[in-house]
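Read the structure below first, then the notes.
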Amino acid sequence: MESFGARLHRAVRERGPLCVGIDPHPALLARWGLADDVDGLRRFAGAVVDALGDRVAVVKPQSAFFERFGSHGVAVLESTIRQLRERGALVLLDVKRGDIGSTVQAYASAYLDPSSPMHVDAITASPFLGVGSLAPMFELAAEHGGGVFVLALTSNPEGASVQRATTADGRTVAQTVIDEISQLNAGAEPLGSIGAVVGATVGETGCDLSAMNGPLLAPGLGAQGATAADLRVVFGSNLPAVLPSYSREVLGAGPDPEALRAAADRAVVGCRAALKLS
């Protein structure tokens, strides 16, 4: 089975280095002239799928904005995932799950087992209980060609107090997470399937990313303040592994589908230039 890393590498080459988040928060639904209810959610998600599903490399639904509508919202999420994958986009579900034992195994089965109705290409995960606690996710991802993006240096300002804290061996918490991910990706070609989340707003990371051999998801672009040019400051020589992520900067152009496509195209052009890709 082809690995997630290989599929991501090909998708970025063919469609460009861009991940677009689907974050249907109330203000954005209102901006689109949609009601803050399940029908508004369904129409919003459907419009994004139709406009971008066959255009961008990765689409990242934020699970919380679907879950807030209960089972009906989750049903919309399941349908959105299925439609995106039918159109060839890789689906990265932003769930930030993390636990231990049978619970993290259940999370892994929910999102990374092909038999699940919520099956996606990759998920985000929290390493707060230790990177090793996520082993069931890594194992199921490897078995079924999935991916996991582990939080390392996030774009929220509160994250620094934990992520930049120094451990007993002198490394930061973020560097410890990155080093453990690097071991999981060792030897993978053309790219490992275990990624790290490093926000585009964090500035100088103080971390060594050179051995990662996996994708670096960079949220925080656009409405959160970072620009494509900031990627060079954050990632330096590791730019080829970066997957820039936009949400409101692209989605705010809707609901007109042509405007959504144009916004995504502009983002791809800016990211190609910043990442020095042809």
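Keep in mind that this is a model prediction, so the values were computed, not measured. Scope of the values below: all heavy atoms of this structure, side chains included, with no hydrogens, waters or symmetry mates.
For the pair Thr172 (side chain) and Arg164 (backbone), a donor-acceptor distance under 3.5 Å is absent. One N or O on the side chain of Ser133 and one on the backbone of Gly130 form a donor-acceptor pair closer than 3.5 Å. Side-chain atoms of Arg85 do not come within 3.5 Å of backbone N or O of Val120 as any donor-acceptor pair. Using a distance-only test at 3.5 Å, with no hydrogens or angles considered, no donor-acceptor pair links the side chain of Ser3 to the main chain of Ser193. Side chain of Thr167 to backbone of Arg171: a donor-acceptor contact under 3.5 angstrom is found.
In this structure, Asp37 and Phe69 approach most closely via the heavy-atom pair CA-CE2, 3.5 Å. Closest heavy-atom contact between Leu8 and Leu90: CA-CD1, 3.6 Å. The heavy-atom pair separating Leu18 from Ala267 by the smallest distance is CD1-CB, 4.0 Å. Nearest heavy-atom pair, Ala125 versus Met137, reported as atom, atom and distance to 0.1 Å: CB-SD, 3.8 Å. Minimum interatomic distance between Gly252 and Leu28 (heavy atoms only, all atoms of both residues): CA-CD1, 4.2 Å. Of all heavy-atom pairs spanning Leu221 and Ala228, the tightest one is CD2-N, 3.8 Å.
Side-chain contact between Met118 and Glu78 is present, with heavy atoms from C-beta onward closer than 4.5 Å. Residues Asp208 and Gln175 have side chains in contact (heavy-atom distance under 4.5 Å, counting atoms from C-beta outward). You'll find the side chain of Leu275 reaches within 4.5 Å of the side chain of Pro244, heavy atoms only. Contact of the Ser63 side chain with the Leu77 side chain is registered, since non-hydrogen atoms from C-beta on lie closer than 4.5 Å. For the pair Glu249 and Arg266, the minimum side-chain heavy-atom distance is 4.5 Å or more. At a threshold of 4.5 Å between non-hydrogen side-chain atoms, the residues Val20 and Ser247 do not count as touching. Between Leu112 and His144 there is no side-chain heavy-atom pair separated by less than 4.5 Å. Side-chain contact between Arg87 and Arg55: absent, with no pair of heavy atoms (C-beta onward) separated by less than 4.5 Å.
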side-chain hydrogen bond (donor to acceptor under 3.5 Å, both in side chains) for Gln183 and Asp179? Distances and angles first, verdict last.
CA-CA 7 Å; Gln183 294 177 34; Asp179 289 346; over 6 Å; no
Should Asn238 and Met212 be marked as a side chain to side chain contact (heavy atoms under 4.5 Å, CB included) after you check the CA-CA gap, both sets of side-chain angles, and the distance that decides it?
CA-CA 9 Å; Asn238 301 288; Met212 259 286 299; over 6 Å; no
Let me see the working for Arg248 and Asp23 under side chain to side chain contact (heavy atoms under 4.5 Å, CB included), right down to the final yes or no.
CA-CA 8 Å; Arg248 282 170 283 178; Asp23 297 358; 5.9 Å; no
Carefully, step by step, assess Leu217 and Leu92 under the rule side chain to side chain contact (heavy atoms under 4.5 Å, CB included).
CA-CA 10 Å; Leu217 180 68; Leu92 166 57; 3.8 Å; yes
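Using a 30° and 60° split on the angle between ring planes, Phe44 and Trp32 fall in the tilted class, from 30° to 60°.
Rounding to the nearest 0.5 Å gives a distance of 9.5 Å between CG of Asp121 and CG of Leu84. To the nearest 0.5 Å, atoms CD (Gln163) and CD1 (Ile178) are separated by 10.0 Å. In this structure, Ile22 CD1 and Phe66 CZ are separated by 5.5 Å, a value rounded to the nearest 0.5 Å. Atom CZ in Arg15 sits 6.0 Å away from atom CG in Asp54 (nearest 0.5 Å). Interatomic distance, CG of Leu93 versus NE2 of His119, reported as 11.5 Å (0.5 Å rounding). To the nearest 0.5 Å, atom OG of residue Ser245 and atom CG of residue Leu216 are 13.0 Å apart.
There is a side-chain donor-acceptor pair under 3.5 Å between Asp230 and Thr227.
For CZ of Arg13, the number of neighbouring non-hydrogen atoms (other residues, nucleotides, ligands) closer than 6.0 Å is greater than 12. Within 6.0 Å of CD on Glu204 lie no more than 12 heavy atoms contributed by other residues, nucleotides or ligands. Other residues, nucleotides and ligands place no more than 12 heavy atoms under 6.0 Å from the NE2 atom of His9. Within a 6.0 Å radius of CG in Leu129, more than 12 heavy atoms belonging to other residues, nucleotides or ligands are found.
Residue pairs meeting the side-chain hydrogen bond (donor to acceptor under 3.5 Å, both in side chains) criterion with at least one partner in residues 89-108, sequence neighbours excluded, are Lys60-Asp94, Gln62-Asp94, Glu67-Arg97, Asp94-Lys96, Asp94-Thr124, Arg97-Tyr111. Within the structure, salt bridge (Lys or Arg N to Asp or Glu O under 4.0 Å) pairs that include any residue of residues 137-162 do not occur (at least two apart or interchain).
There is no path of hydrophobic side-chain contacts, each under 4.5 Å, that joins Val59 to Leu243. When the side chains of ILVMFWY residues are joined at heavy-atom separations under 4.5 Å, either directly or via intervening members, Ile194 and Ile123 end up in a single hydrophobic cluster. There is a path of hydrophobic side-chain contacts, each under 4.5 Å, that joins Tyr246 to Val49. The hydrophobic clustering, which links ILVMFWY residues whose side-chain heavy atoms are closer than 4.5 Å, places Val91 and Val76 together. Using a 4.5 Å cut-off between side-chain heavy atoms of Ile, Leu, Val, Met, Phe, Trp and Tyr, with links allowed through other members, Leu260 and Leu29 fall into the same hydrophobic cluster.
Using a cutoff of 4.0 Å between basic side-chain nitrogens and carboxylate oxygens, Asp36 and Arg68 are scored as salt-bridged.
Residues satisfying the side chain to side chain contact (heavy atoms under 4.5 Å, CB included) criterion with Val177, sequence neighbours excluded, are Pro127, Val131, Val150, Ala152, Ile181.
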